[in-house]
A.B. asks: 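First, the structure itself, so that you have it in front of you.
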Amino acid sequence: MQRGTNLGRLGDFNQAVIFESIRRAVDGVSRVELAGSTGLSPQTISNVVRRLLDEGLVREDRTIVSGPGKPRTVLELEVNRMVAIGIHLDPGVISVVMLNLRGEVMHSRRLDIPPVEVPEKTVETMAKTVEEIIAASGIPRANVVGVGVAAPGPLDRERGVMIDPPLLDGWKDVAIVEPLRRMLDLDVILEKDTIAASIAELWKGNDAARDNFILMYVGAGIGAGMVLNGEIHRGVSNNAGEVGHYSTGVVAQPCTCGRNDCLHANLAFNHVAQLAREAGLTLTVPDDGTPEERAEGMSQIVKMAGEGNESAATLMRGCMGKVGQVAGQLCNALDVSQVIFGGPLWSEVGDYCLDGVREVINERFSSKNVHGIEVRSSTLGPEAGAIGGACAVMDASLSPKAAALLLR
């Protein structure tokens, strides 16, 4: 957690630091404890807390007696004073969630295999679903901070435009932010799905020691989110984490990148479908179909595995093992301590694939004699991308940023 400063002209930064401390204190926190955790003076704490109370973001909940001295008043978060909406656009599913200040999902909708081939209709569906969730929640519209859209890259975050996502046909240079802002009359931001999911892991987590990790996002596509020294690594264009063309060491089929052993080549649905048929599995969709058909085909394989078909489960273990190979390469490059797997597809296969990828990653890690890599599944579930979109809005609005210290 960041510490504050007692210098002048930094009220906004200090307020963000104090608010973040209160937000993370599940059982509440006193002013004395805030002074200890943030390094700020009692006077600064008092001034900032007064502003937070006036704005209705926190409340004085109860008093506690601990040793000699005056009883301490516990400050609690007003969790529904601000909420955010997150939307995740995946080739196979659209997820929409409403999140409160504690990072708790209040309402959610899942649209399986939506008509994503028509971008304009898809954006209209997003807006309609957001309106339905706000209405169902009963939360005043004024309490909605904004909407965060998590989408596959590459994208232009500043312009709010999706550039040319490889698994979404017809989505070249599609504006997302401006149409949604116009339809909803709310602030809207666009974030790469892997980066959004990484923000969610930081926003919802209380593990202060988890400052260096990789999030392997497993959905219709595969990507990585990277957190280094407690900060999201975005890259110069906010498109960091494209790992689809890393080598797996397993020859599959020719790929547009010029290789035949990359992750994309190995996990392309037409290749996975071919392996499925060779294993005796029956699919009802063509190998080279629409995004909806490809998503349906993968769902059929996953469903068979979940129902006990060992051939389907073995196929999925093999696919995830290749993701583990790439994760191991990233661990070698970045020397992190943890890898988290998450995303819609991983939520379906993680139970029987986690042990295998853990073994692959630690076997691949070259510094294993120094430390191991903790490998676990995300607790965010299949809505990780949508939760990340909402967390990105909260993070942009509320989290302390070192850039706020720069003189303007």
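Residue numbers start at 1 and run along the sequence shown.
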A.B. asks: When you compare the side chain of Leu101 with that of Leu57, does any pair of heavy atoms fall below 4.5 Å?
C.D. replies: yes
A.B. asks: Does the pair Asp90 and Val93 meet the rule for a side-chain contact (heavy atoms from CB on, under 4.5 Å), with working shown?
C.D. replies: CA-CA 5 Å; Asp90 186 85; Val93 62; 3.9 Å; yes
A.B. asks: With heavy-atom distances below 4.5 Å as the criterion, would you say the side chains of Glu383 and Ser347 are in contact?
C.D. replies: no
A.B. asks: Are any side-chain N or O atoms of Asp156 and backbone N or O atoms of Gly160, one a donor and one an acceptor, separated by less than 3.5 Å?
C.D. replies: no
A.B. asks: Is there side-chain contact between Leu75 and Ser30, with at least one heavy-atom pair below 4.5 Å?
C.D. replies: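 A side-chain contact under 4.5 Å is absent here.
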A.B. asks: Please report the shortest heavy-atom distance between Phe341 and Val323, naming the atom on each side.
C.D. replies: CE2-CG1, 3.7 Å
A.B. asks: Are more than 12 heavy atoms from other residues, nucleotides or ligands located less than 6.0 Å from atom NZ of Lys368?
C.D. replies: yes
A.B. asks: Nearest heavy-atom pair of Ser95 and Ala386: which atoms, and what distance?
C.D. replies: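 Minimum heavy-atom contact is O-CB, 3.6 Å.
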A.B. asks: Are any side-chain N or O atoms of Arg109 and backbone N or O atoms of Val96, one a donor and one an acceptor, separated by less than 3.5 Å?
C.D. replies: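 No; judged by distance alone, with no hydrogens or angles, the pair does not exist.
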A.B. asks: Look only at the side chain of Asn266 and the backbone of Cys262, and say whether a donor-acceptor pair between them is shorter than 3.5 Å.
C.D. replies: yes
A.B. asks: Say whether Gln300 and Glu296, considering side chains only, have a donor N or O and an acceptor N or O under 3.5 Å apart.
C.D. replies: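 Present: a donor and an acceptor within the cut-off.
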A.B. asks: Please report the shortest heavy-atom distance between Leu53 and Arg59, naming the atom on each side.
C.D. replies: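 Where Leu53 meets Arg59 most closely, the heavy atoms are CD2-CA, 3.8 Å.
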A.B. asks: For Asn239 and Pro154, work out which heavy atoms get closest and say how close.
C.D. replies: OD1-CA, 3.3 Å
A.B. asks: For a quick test of reading the model, state the closest non-hydrogen atom pair linking Ala327 to Ile361 and the distance between them.
C.D. replies: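 Minimum heavy-atom contact is CB-CD1, 3.8 Å.
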A.B. asks: Please check if atom CG in Asp27 has more than 12 non-hydrogen atoms from other residues, nucleotides or ligands closer than 6.0 Å.
C.D. replies: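 No, not enclosed.
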A.B. asks: Check whether any side-chain heavy atom of Tyr217 lies under 4.5 Å from a side-chain heavy atom of Val243, and answer yes or no.
C.D. replies: no
A.B. asks: Should Arg364 and Glu359 count as an ion pair when the cut-off is N to O under 4.0 Å?
C.D. replies: no
A.B. asks: With no hydrogens and no angle check, just 3.5 Å: does a side-chain donor-acceptor pair link Asn212 and Ser337?
C.D. replies: no
A.B. asks: Can you tell whether the side chains of Arg50 and Glu55 come within less than 4.0 Å, N to carboxylate O?
C.D. replies: no
A.B. asks: Are any of the side-chain heavy atoms of Tyr246 and Ile222 separated by less than 4.5 Å?
C.D. replies: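 A side-chain contact is absent here, since even the closest heavy-atom pair is not under 4.5 Å.
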A.B. asks: Output, in order, the C-alpha distance, side-chain angles, deciding distance and verdict of side chain to side chain donor-acceptor pair (under 3.5 Å) for Thr314 and Ser311.
C.D. replies: CA-CA 5 Å; Thr314 298; Ser311 295; over 6 Å; no
A.B. asks: Does a salt bridge link Glu310 with Arg317, judged by any charged N lying under 4.0 Å from a carboxylate O?
C.D. replies: yes
A.B. asks: Between Leu267 and Cys319, what is the shortest heavy-atom contact and its length?
C.D. replies: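 Scanning both residues, the minimum pair turns out to be CD2-CB, 3.5 Å.
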A.B. asks: If only atom types and distance count, is the side chain of Asn332 paired as donor or acceptor with the main-chain N or O of Ser366 below 3.5 Å?
C.D. replies: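 Yes, Asn332 side chain to Ser366 backbone: donor-acceptor pair under 3.5 Å.
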A.B. asks: What is the ring orientation for Phe365 with His371, classed by angle as parallel under 30°, tilted 30 to 60°, or perpendicular over 60°?
C.D. replies: tilted
A.B. asks: Is it true that Gln253 and Asn270 share a donor-acceptor pair across their side chains at a distance under 3.5 Å?
C.D. replies: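 The answer is yes; a qualifying pair exists.
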A.B. asks: Walk me through whether Ile22 and Leu52 qualify under side-chain contact (heavy atoms from CB on, under 4.5 Å).
C.D. replies: CA-CA 10 Å; Ile22 298 172; Leu52 293 174; 4.0 Å; yes
A.B. asks: How about Thr248 and Asp261: does a side-chain donor come under 3.5 Å of a side-chain acceptor?
C.D. replies: no
A.B. asks: Please determine whether a side-chain nitrogen of the Lys or Arg among Arg358 and Glu363 lies less than 4.0 Å from a carboxylate oxygen of the Asp or Glu.
C.D. replies: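 Not counted as a salt bridge, because no side-chain N and carboxylate O are separated by less than 4.0 Å.
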A.B. asks: Any side-chain heavy atom of Arg31 sitting closer than 4.5 Å to one from Glu60?
C.D. replies: yes
A.B. asks: Donor-acceptor pair, distance only, cut-off 3.5 Å: does the side chain of Ser41 make one with the backbone of Thr44?
C.D. replies: yes
A.B. asks: Taking Ser46 for its side chain and Pro42 for its backbone only, find out whether a donor-acceptor pair lies under 3.5 Å.
C.D. replies: no
A.B. asks: Roughly how far, to the nearest 0.5 Å, is CD1 of Ile387 from CE of Met98?
C.D. replies: 14.0 Å
A.B. asks: Regarding Thr125 and Thr122, do their side chains bring together a donor and an acceptor under 3.5 Å, going by distance alone?
C.D. replies: no
A.B. asks: Atom OG1 of Thr194 and atom CE of Met226: how far apart are they, to the nearest 0.5 Å?
C.D. replies: 7.5 Å
A.B. asks: May I ask you to decide whether Glu78 forms a salt bridge with Arg102, counting only side-chain N to carboxylate O separations under 4.0 Å?
C.D. replies: no
A.B. asks: Are Gln338 and Arg376 packed together at the side-chain level, in the sense that at least one heavy-atom pair is separated by less than 4.5 angstrom?
C.D. replies: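 Counting from C-beta outward, Gln338 and Arg376 do come under 4.5 Å.
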A.B. asks: Give a yes or no on whether a salt bridge exists between Glu20 and Arg23, defined as a side-chain N under 4.0 angstrom from a carboxylate O.
C.D. replies: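 Yes, this pair counts.
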A.B. asks: Within this structure, what is the CD1-NE2 distance for the pair Ile94 and His88, rounded to the nearest 0.5 Å?
C.D. replies: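 The NE2 atom of His88 is 10.0 Å from CD1 of Ile94, to the nearest 0.5 Å.
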A.B. asks: Could you check whether Arg51 pairs with Asp54 (Lys NZ or Arg NE/NH1/NH2 to Asp/Glu carboxylate O, under 4.0 Å)?
C.D. replies: no
A.B. asks: Mind checking whether Leu40 and Asn14 have side chains closer than 4.5 Å, heavy atoms only?
C.D. replies: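 They are in contact (side-chain heavy atoms under 4.5 Å apart), so the answer is yes.
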A.B. asks: Can a donor-acceptor pair be found, under 3.5 Å and without considering hydrogens, that links the side chain of Lys192 to the backbone of Ala240?
C.D. replies: yes
